[in-house]
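Report on the following structure.
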Number of protein chains: 2
Amino acid sequence: MTDPRKNTRDIYPPTGPELNAKSWVTEAPLRMMMNNLHPDVAENPHELVVYGGIGRAARTWDDFDRIVAGLKDLEEDETLIVQSGKPVAIIRTHKDAPRVLIANSNIVPHWANWDHFNELDKKGLMMYGQMTAGSWIYIGTQGIVQGTYETFAEAGRQHYGGDLTGKWILTGGLGGMGGAQPLAAVFAGASCLAVECNPDSIDFRLRTKYLDEKAETLDEALEMIDRWTKAGEAKSVGLLGNAAEVFPEIYARMQAGGMRPDIVTDQTSAHDPINGYLPIGWSMGQWKDKRETDPKAVEKAARASMKQHVAAMVDFWNADVPTLDYGNNIRQVAQDEGLENAFAFPGFVPAYIRPLFCKGIGPFRWCALSGDPEDIYKTDAKMKELFPENEHLHRWLDMAQERIAFQGLPARICWIGLGDRHRAGLAFNEMVASGELKAPVVIGRDHLDSGSVASPNRETEAMLDGSDAVSDWPLLNALINTASGATWVSLHHGGGVGMGFSQHAGVVICADGTEDAARRLERVLWNDPASGVWRHADAGYEIAKDCAREHGLRLPGILG
Amino acid sequence: MTDPRKNTRDIYPPTGPELNAKSWVTEAPLRMMMNNLHPDVAENPHELVVYGGIGRAARTWDDFDRIVAGLKDLEEDETLIVQSGKPVAIIRTHKDAPRVLIANSNIVPHWANWDHFNELDKKGLMMYGQMTAGSWIYIGTQGIVQGTYETFAEAGRQHYGGDLTGKWILTGGLGGMGGAQPLAAVFAGASCLAVECNPDSIDFRLRTKYLDEKAETLDEALEMIDRWTKAGEAKSVGLLGNAAEVFPEIYARMQAGGMRPDIVTDQTSAHDPINGYLPIGWSMGQWKDKRETDPKAVEKAARASMKQHVAAMVDFWNADVPTLDYGNNIRQVAQDEGLENAFAFPGFVPAYIRPLFCKGIGPFRWCALSGDPEDIYKTDAKMKELFPENEHLHRWLDMAQERIAFQGLPARICWIGLGDRHRAGLAFNEMVASGELKAPVVIGRDHLDSGSVASPNRETEAMLDGSDAVSDWPLLNALINTASGATWVSLHHGGGVGMGFSQHAGVVICADGTEDAARRLERVLWNDPASGVWRHADAGYEIAKDCAREHGLRLPGILG
Ligand SMILES: NC(=O)c1ccc[n+]([C@@H]2O[C@H](COP(=O)([O-])OP(=O)(O)OC[C@H]3O[C@@H](n4cnc5c(N)ncnc54)[C@H](O)[C@@H]3O)[C@@H](O)[C@H]2O)c1
Ligand SMILES: NC(=O)c1ccc[n+]([C@@H]2O[C@H](COP(=O)([O-])OP(=O)(O)OC[C@H]3O[C@@H](n4cnc5c(N)ncnc54)[C@H](O)[C@@H]3O)[C@@H](O)[C@H]2O)c1
C-alpha cells in the first residue's frame, strides 16, 4: 500500500498578478496553503509536515489536491469546509462570510490525549494541525523570530538592565520555530548555544542565516561562546547533541566553576513525545524506525529523558539563572513523570509577554501574494510611516530587512495591537487598490495571540483570576472572526503544547484592494485584537481595562 | 453576602407585536432568553436554572439584566458576545452576521472535569450551559417529547412488532427532560412507571399533564401498571422513590415471578454527580444541604448508588428486557466505579436514532414570539400542507396539539431533516410577511442533532468508522451557522453527559418576514442539517451518502 501522506512532489505557490482561482479571496487561501508546503518553508513537505512535530497542511495528498481543486472552483459566495485537513464540503454562504472554515485535531475532552489522537490519525480520521500549519498562515521561521526577540529582550530588561552584551543563552531545538532562537538572541544582543540532535536542522539554519556556526562537541561550542562573550560579540552556535544530556553536563561544569549561561530555555518538540523528542542514547535512525514500529517505546524513553532535561533546567533556576519554559509543555511531561518541582520556573507568557497581550499586541503578520519581495519592502516603509513614534518597531523592521531571509512567499511579522492592526490593514488595502503593490496581500497572525488561545501551560498560564483553562474565549474568537468577515478561520486543539493542553483559533484576511475588503479589514482587525483585550480585562488586568476604556470598547459585563 | 444567582423575581417574556428592542432579530433572543426563565418553563428560575441539573440561562442576575439591556440597545449590525452566561462585549459586525455569539462551559480538555468546572463556577468564572439552557432555545418539556416518542416507537418496532399495547416502560427521573417520558410512552402506546425522588417534580408533571397518576409505594404503582396493561390502556404513574433502590427491587420481584418491564431506561441527572442524582438512603433536605457543605461526600455517595442502579439495568438487559441508556452518562459513572459490564446495554442513539441523523433528521423546533397559541396552530396546519405525504408527522402534530400543554411562549417541535427544514422556515417567514402570524417566529433545534454534537457516550456512540470523539464537526457546525447568517449561535461543552464528555453547537434563526431573513433561512436551514448528513456520510453510513447524493451536496473529500 502506498502511504497517502508520502509523495515526492515539490509544491510552489503560484506568484504574480494572474488568478488561478476565480477571485483573490479564494486565490489567497490557495497560495497560502501551497506556500505552507513550499520546500523553503516546510520542515518535511513531502509528508505534508509544515512544522512543530507533525503539524500538517492537509491530511493526505489526495486531500491536498481536492483542496486545490475546490479553491480553484470556489465562487465568492461559497465556503469550503475543512475537517482535520480534509475538504469535506462546499456550501453556499454569502460574500461577507469566510471562504474557508477549518477545524483541526479537535477531540472531545475525555478522549483528548495522544493515544486516542494517534489512533484516529492512523485510521486516517485526523491530522495534527499545530497552530499555523493546518490553518495556512505559517511563513517560515521568521514567524517566530519577533516573538522570541521580544521575549529575550524583555528578559534582558528584567534581569540585566536592558543590556545583553557579553551574555549568552542556552537552549535546545533548531526546528521550524526553535530555529528562530539563535537569530532572535543575536538581535537582542546576546550569544546563543543551541543544542540540536538533527544535523540537517543545524545545516538548514546555517543555510538560511539563522545560525552563525556549528559545533560537534561541547568543548568546541563553549570555546566559541567564551570567545564571543568576552569580545562583546553576539553570535550563535548550533551544537550537535541531545539537550537532555548536554543541559545537565553544562550545569555540572558550571557547578565545578565552568561557564554559566545567562538565560536558559528550550524549544525541542517536547509537546509530542512520540515524534518530537529524541530520547537519550538513541540515534536518529533508531528513533525514526521505532516511531513506526514501536511508538510506545519511543514515548516512554522520550518522557524519561525530558524529566532529566527539565531537572537540569530546575537546577539552573535554583542557581539563579533566569530560566523559562518556551511553550513546548516540557514541564508538564516532567511533572507527569514524577518530577515534583517541574513547574519551579515560569512559562514565557506570564514572565514576559502578558503585558503585551493586555493591549491586544501579538504576532501580526502579512504576506505578499505577488511573491515579490519589493511588495514587502513597500509595506515595511508604510508601517514606519503609519507609526512614526514606534521606535521599537522601526528597529525591528530594519533588523528584519537586513537579516531575515524570506522563505517562500515574502512575508513580514511585527507585534502590534488594538488600534494599530486595522490601520495597517486598511493602508495595505489602499496600496493594493492603487497598484502600488503588485498583487493583494493576506493579513493574519499566529494562534498564539492575545484573544485566540486557552493554554494553561503557556499563553494562559497563571491568569490573575484563575481562568487559565476557560476555553470559551478562543471559541468566541473564531465565531467573532467568522461573523466579522475574515477570509478564513480555523479552530484547533493541541497546537504547540500537545493533545489535551490547548484550544486556539486562527484568522486570515485578504486585502484585495476592494471596498468590501476595507470594510471587512476594519471589522476583523479591530474585533480580533479587541477580543484579547477584553479577555484580559475580564481576568482583572488593569492594563487591559485601561486599554479597553481608551479605545472605547463596550464591555457590559466587564466595565459595567 | 447576597448570592448573585438567587432572586425572587419572576421573569415573563414580552409578547405581542410591539418591539422592546430595536429590531426583531434582537427582540427574538431577548424574548427567548426570558422565556427560558419563565416560571412555567424553567425548573428553578429563581436560581437561573432552566433544566438538566444546573443548566443556566445567564451566569448571575446582574448578567441577566445586562444581557437584557444589551439586547434592547443592540443595532442590526452589532453582535453581543456571551461567555458562559456573561455578556462580555458588544461589537460591530454586519447585518448578515449573528446578533448573539455564545460560548458556554468550554474548558481546555486536560482540565475539563467536574472538579475544575466547579472551582471555576464557584469563583464566578463560569456557568453550566447544558444544551438549550444557555443557548436560549429550551421550550419546556415538549422539546424532548418527540425525541423520546421517536425512540420508544422505534424500540416498539424493533422489539414488539410495532405494537406497544399492553406493554410498560420502567424509567427514572421526571425532571425537565425526563418529565417527557411518561407522555412519550403513552403516545407510543405503552404504560410507564417513572421513579422520581422529588415530590415537586412529580406534581409538576401531573399539573402539566405529562403524567397521569402518582404513587407512594411500589406495590401501589405496580398495581396500577398491572391494571392498565391488562386493560390495554396506556397510562403513566410517577412513583416517589430512589431509582437506585427501586430498579433492583423490581428486578428481584421479576426474578421471583413478579411483573416484567418491557423496556427499561433512565433519565435521572446522572451526568452531574453532585447536583443531579440523589444517593440511596439520603433525604431530599440532606442532599440539598450537603451539596453546599460537602459536595465531595455527595458525589461519592451518588456515584456508588449509580453503580447499583446500572447493575440492575444490566440485569434486566441480561434477562432479555430491551434496556437503553438515555443519554445521561450513567454507564460511564458506573464503569468508573468498577462495574465492568456497565456498557453491556446500548445508548439510544446507535440503537434507534442514528438512521434519522443520517438524513439530517433531528429535533427541529419553532416558537411564536407573539405568545399566541393560534400562531402555532397555524404553523401546525402549514406543516401538514407542506408535507402531505408524511403520515408520521401528521399523527405527531395531532397528538401534540391534543395533549401537549404549552409552557411559556407557544412552541412546536417535530423531527424533520435536510430538504424539509428550509422549506418550513421559508413558509413560516412568508406567513409572518403576509400578516397571517401575529409576530415573527424563531426556528431552532436542540444541540442533540445530526451534525451539531460530538458525544461518544451518546450521540456519536459507536460510529461506524470509530470517529466517536472527533469534535471538529460541532465546531464546524457553529462556524457554518455563523457564516450562513443565523440569528444566534452557541458552542457548549458538557451538556447532557457532563464535563469532559461532549462538545456541541446550537443555532436559532428569526423569521421576521423580511427578504433578508428568507435568504438567511434558506442557507442556515439547509447547511445546518446538511452538516449532519455529511458528518455521517464521512463516517461511512450508506443512508447518509445516498441522502447527500439525492440532495446534490458537494462533498469533495467524501463523495469524491
Ligand atoms: N514559544 C512559542 O511561541 C512557541 C511557538 C511555536 C512552537 N513552540 C513549541 O516549541 C517546540 C518546537 O517547535 P518547532 O516548530 O521548532 O518544532 P520542530 O519539530 O520543527 O523542531 C524541534 C527540533 O527539536 C529537535 N530535538 C528533538 N529532540 C531533541 C533533543 N532531545 N535534543 C536536541 N534537539 C532535539 C528536533 O530535531 C527538531 O529539530 C514545539 O513544542 C512547539 O510547540 C513554541
Ligand atoms: N436522551 C436525551 O435526549 C436527553 C436529552 C436531554 C437530557 N438528557 C439527560 O437526561 C437527564 C435528565 O435531564 P433532565 O433535564 O430531566 O434533568 P433534571 O435535573 O431536570 O431532572 C432529573 C430528575 O431526576 C431526579 N432524580 C435524581 N436522582 C434520582 C434518583 N436517585 N432516583 C429518582 N429520581 C432521581 C431529580 O429529582 C430530577 O427530578 C440528564 O442527565 C440529561 O443530560 C437526555
Side-chain angles (χ1 to χ4, degrees), chain A residues 63 66 70 79 81 83-84 86-94 96-98 101 103-104 106-112 116 120 123 125-126 454-456 465-467 469-473 475-476 478-480 482-485 489 491 500-503 523 527 534 538 553-558, chain B residues 63 66 70 79 81 83-84 86-94 96-98 101 103-104 106-112 116 120 123 125-126 454-456 465-467 469-473 475-476 478-480 482-485 489 491 500-503 523 527 534 538 553-558:
Chain A
D63 291 315
R66 289 199 186 103
T79 299
I81 310 300
Q83 182 261 325
S84 283
K86 174 176 179 176
V88 289
I90 290 170
I91 64 171
R92 173 69 40 100
T93 52
H94 57 84
D96 267 335
L101 294 169
N104 283 324
N106 297 285
I107 304 183
V108 176
H110 187 70
W111 292 264
H116 194 72
L120 292 167
K123 277 187 190 154
L125 295 171
M126 273 236 158
S455 186
D465 62 346
S467 62
V470 176
S471 60
D472 291 333
W473 305 105
L475 302 183
L476 285 171
L479 296 177
I480 287 164
T482 302
S484 300
V489 174
L491 260 175
F501 291 94
S502 66
Q503 287 175 275
R523 288 191 305 251
N527 290 336
W534 76 59
D538 187 61
L553 299 187
R554 291 160 67 195
L555 311 180
I558 299 169
Chain B
D63 292 314
R66 289 202 187 99
T79 299
I81 310 300
Q83 181 260 325
S84 283
K86 174 175 180 175
V88 289
I90 291 170
I91 63 171
R92 173 70 39 98
T93 53
H94 57 83
D96 267 335
L101 293 170
N104 282 325
N106 296 285
I107 304 182
V108 176
H110 186 70
W111 292 263
H116 194 72
L120 293 167
K123 279 188 188 153
L125 296 171
M126 273 235 158
S455 185
D465 61 346
S467 62
V470 176
S471 60
D472 292 332
W473 305 104
L475 302 183
L476 285 171
L479 296 178
I480 287 164
T482 302
S484 300
V489 174
L491 261 175
F501 291 94
S502 66
Q503 287 174 275
R523 287 192 303 252
N527 289 336
W534 76 59
D538 187 60
L553 300 188
R554 291 161 66 195
L555 312 180
I558 299 168

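Labels below follow one simple rule: chain letters A, B, ... track the order of the sequence lines, proteins then strands, and each chain is numbered from 1.
- For A:Thr482, the side-chain hydrogen bond (donor to acceptor under 3.5 Å, both in side chains) criterion is met by no residue, not counting sequence neighbours.
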Checking A:Lys86 against B:Asp538 for the side-chain contact (heavy atoms from CB on, under 4.5 Å) test, could you report, in this order, the C-alpha distance in whole Å, the side-chain angles of both residues, the deciding distance, and whether it holds?
CA-CA 10 Å; A:Lys86 174 176 179 176; B:Asp538 187 60; 2.7 Å; yes
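- One finds the CG atom of B:Leu101 at 7.0 Å from the CG atom of A:Leu476 (value rounded to the nearest 0.5 Å).
- Contacts between B:Leu553 and chain A at a heavy-atom distance below 4.5 Å are absent for every atom of the residue.
- Chain A forms more heavy-atom pairs under 4.5 Å with one residue of B:Ala112, B:Ser467, B:Ala89, B:Ala97 than with any other, namely B:Ala89.
- Taking CD1 of B:Ile81 as the start and CD1 of A:Ile480 as the end, the distance is 4.0 Å to the nearest 0.5 Å.
- Put simply, the side chain of B:His110 never gets that close to the backbone of A:Ser502: no donor and acceptor are under 3.5 Å apart.
- Pairing each heavy atom of A:Pro109 with each of B:Gln503, the nearest pair is CD-OE1, 3.6 Å.
- Residues B:Ala469 and A:His116 share a closest heavy-atom pair of CB-NE2, 3.6 Å.
- Here B:Asp465 is the residue among B:Thr79, B:Asp465, B:Val489 with the most heavy-atom pairs under 4.5 Å with chain A.
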Decide yes or no on side-chain contact (heavy atoms from CB on, under 4.5 Å) for A:Gln83 and B:Val470, but give the supporting numbers first.
CA-CA 10 Å; A:Gln83 182 261 325; B:Val470 176; 3.5 Å; yes
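- Residue B:Asn527 touches chain A through its side chain alone, counting heavy-atom pairs closer than 4.5 Å.
- A:Asp472 CG to B:Met126 CE: the interatomic distance, rounded to the nearest 0.5 Å, is 4.0 Å.
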side-chain contact (heavy atoms from CB on, under 4.5 Å) evaluation trace for B:Leu555 with A:Val88
CA-CA 5 Å; B:Leu555 312 180; A:Val88 289; over 6 Å; no
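- When heavy atoms are compared at a cutoff of 4.5 Å, B:Leu120 approaches chain A solely by way of its side chain, counted from C-beta outward.
- B:Pro87 and A:Pro556 get closest at one heavy-atom pair: O-CG, 3.6 Å.
- Of all the listed residues (A:Leu125, A:Ile558, A:Asp96), the one sharing the greatest number of non-hydrogen pairs under 4.5 Å with chain B is A:Leu125.
- Rounding to the nearest 0.5 angstrom, the gap separating the CD1 atom in B:Ile90 from the CH2 atom in A:Trp534 is 10.5 Å.
- For the options B:Gly485, B:Ser455, B:Ala454, B:Pro456, heavy-atom pairs under 4.5 Å to chain A are most numerous at B:Pro456.
- Taking CG of A:Asn106 as the start and CH2 of B:Trp473 as the end, the distance is 12.0 Å to the nearest 0.5 Å.
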Quick one: do B:Arg92 and A:Arg554 satisfy side-chain contact (heavy atoms from CB on, under 4.5 Å)? Show the steps, please.
CA-CA 10 Å; B:Arg92 173 70 39 98; A:Arg554 291 160 67 195; 5.5 Å; no
